[in-house]
2 protein chains.
Amino acid sequence: MTDAAADSPATPPPSPWERERPARTHAAPARTPLSRERVVEAAFAVLDRQGLDGLSMRQVAAELGVTVSALYAHVHSKDDLLELMYTRLFDGFEVPEADPERWQEQLLDFARAGRQRLLSHRDMARISMAHVPFTAELLPHVEGLLAIFRTAGLPDRIAAEAGGLISTYIDGFVLEEGMWQDRAAQQGGDASSLARPDWREMAGEMQNYFASLPEANFPHLRALSGLMVTDSSDERFDIGLQIILRGLASYLPDQPDRPVPDD
Amino acid sequence: MTDAAADSPATPPPSPWERERPARTHAAPARTPLSRERVVEAAFAVLDRQGLDGLSMRQVAAELGVTVSALYAHVHSKDDLLELMYTRLFDGFEVPEADPERWQEQLLDFARAGRQRLLSHRDMARISMAHVPFTAELLPHVEGLLAIFRTAGLPDRIAAEAGGLISTYIDGFVLEEGMWQDRAAQQGGDASSLARPDWREMAGEMQNYFASLPEANFPHLRALSGLMVTDSSDERFDIGLQIILRGLASYLPDQPDRPVPDD
DNA sequence: ACCTGAACACCGTTCAAGT
DNA sequence: ACCTGAACACCGTTCAAGT
């Protein structure tokens, strides 16, 4: 029984962080009745159409052709529903086996995948920021991330902070991306272009605004006007990531080409 | 005309980012009537008492002894009110003159002050995350921060990302701090201890939980159980900050013997 | 066992009417 | 000029009642 590790994801018992949730409906009934899964699915549909501010229990019920009160047999509350959506984001995502030789690439992949996951549903970053992955289902992901840091050789107290730092960066970056899109959508398209408003225009406006600032007061903002807001978020995302990765690398025992402190 | 820089904070014209706002009430009337400032003040009072989820226009009106509709003469909407609260957070805060010799200390001070500002009102990090400091009033702060990066010698595209990276870190860290306190409050104290619920207990619970995980599946989480959640957030905050600062420092041309100032 | 209907106690925002 | 009162179109959640 010592190889229980290789067995399954081995979801641990609920942590003190999480609230209890009503027991699942045990037997799967006949003609596709409501289920927790269907409620979550409908919630994603509403989210993508209306955004988080338009995501109400009543809208989810309408999406399912059902009364509001019917939802409460399957989810404990709206907060519970949001937590389920947050958790479902990690479905089918595995942190790879930590490889000390490739820890930086593994981290890059992890972060990029995380961003893509958040981009897969509207306002998902806002939902993600409101949660912490310390629930039983998500702890394996945390463990996998910590494994990368520790087997790479990072000191424990650095490894303990690194996961939160990177996750916060991902959430924050995508949150900001979403804000630009929202602004562009609400300024530009009155009725159409709901799906993919080209915020390129807004980026251009902001660049012009920064470039038009008085030179005497805002020399640096003017100088960086072309870089602060760009339409290629992918590059900007990677740069921030590299800053963090280089910071982490500076804590490794021997990495000769970088300024390493002697403590 | 060239020394306009030394004149005043020189608030630039509104950026494309910001929405219009109803014109301020011009003349200050007699007997302390409503004003934008009083509305914001009342909103902070409600926020500190009820939290962001309990902050409603109706509660703010009640705080002022006034009808809800009266508020709309002074703020354009609830979103507008939240933006005013966000902006007011920066009042009386100056980014220091950039000193290339002391850029790391200046950044440390900036970040610590930012965290303290967020901690000064309940749920303030949640409000902060929903905003971007690209409004006319806040651009001087952004400029001051960029000045520190650029005069330190960081490449432009690194400087352009560094501000957002650090701000995101601050917001994210304080957001998480607040979540712990909320959890502790709603688990423990039923009626009393509203102001300062000791979440020390909850931290202990989480540590025990991590330490109790099956060794086979969660070796790293177990090993770091004492570090992941601690009651001294100050240290944890500084560690994340140091990771970022070292990452930034790695982009400087040659700074061989001077790593980040250690505690 | 599962869902409906109705109710409760809230929301943000608007607008005619008062003073 | 400034505020009130009432209304509109929403919320999350609960619970007795139906089938």
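Just so it is clear, the structure is predicted and the values come from calculations on it, not from any experiment. Residue numbers start from 1 in every chain, and the chains themselves are labelled A, B, ... in the order their sequence lines are given, proteins ahead of strands.
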Using 30° and 60° as the class limits, which term best fits the ring planes of B:Y86 and B:H131: parallel, tilted or perpendicular? parallel
| request: For the pair A:F93 and A:H141, name the ring-plane relationship: parallel under 30°, tilted 30 to 60°, perpendicular over 60°. | output: parallel
Mind checking the P distance from C:dA9 to D:dA9? Whole angstroms is fine.
22 Å
Quiz prompt | Pairwise C1' distance, C:dC11 and D:dA7 [rounded to whole Å] | solution = 14 Å
Quick check: does any side chain N or O of [X] sit under 3.5 Å from a backbone N or O of [Y], one acting as donor and the other as acceptor?
| X | Y | result |
| --- | --- | --- |
| A:S212 | A:Y209 | yes |
| A:R122 | A:L47 | no |
| B:R38 | B:P33 | yes |

*Identify whether the distance between the nearest side-chain nitrogen and carboxylate oxygen of B:R126 and B:D53 falls below 4.0 Å.*
yes
If you measure from the Lys or Arg side-chain nitrogens to the Asp or Glu carboxylate oxygens, is any gap between B:R115 and B:D171 under 4.0 Å? no
Would A:R112 and A:F237 count as a cation-pi pair here, with the cationic atom under 6.0 angstrom from the ring centre and within 45° of the axis? no
Given protein heavy atoms under 4.0 Å, the one-letter contact record of nucleotides 4-16 of chain C, with B base, S sugar-phosphate only and - none, is simply BB-B---BBBBB-
So, is A:H74 close to the C:dC2 phosphate, meaning a side-chain N or O under 4.0 Å from OP1 or OP2? no
Those stems involving DNA chain C that have three or more consecutive Watson-Crick or G-U pairs, both distances under 3.5 Å, are C:4-8 with D:12-16, C:12-16 with D:4-8
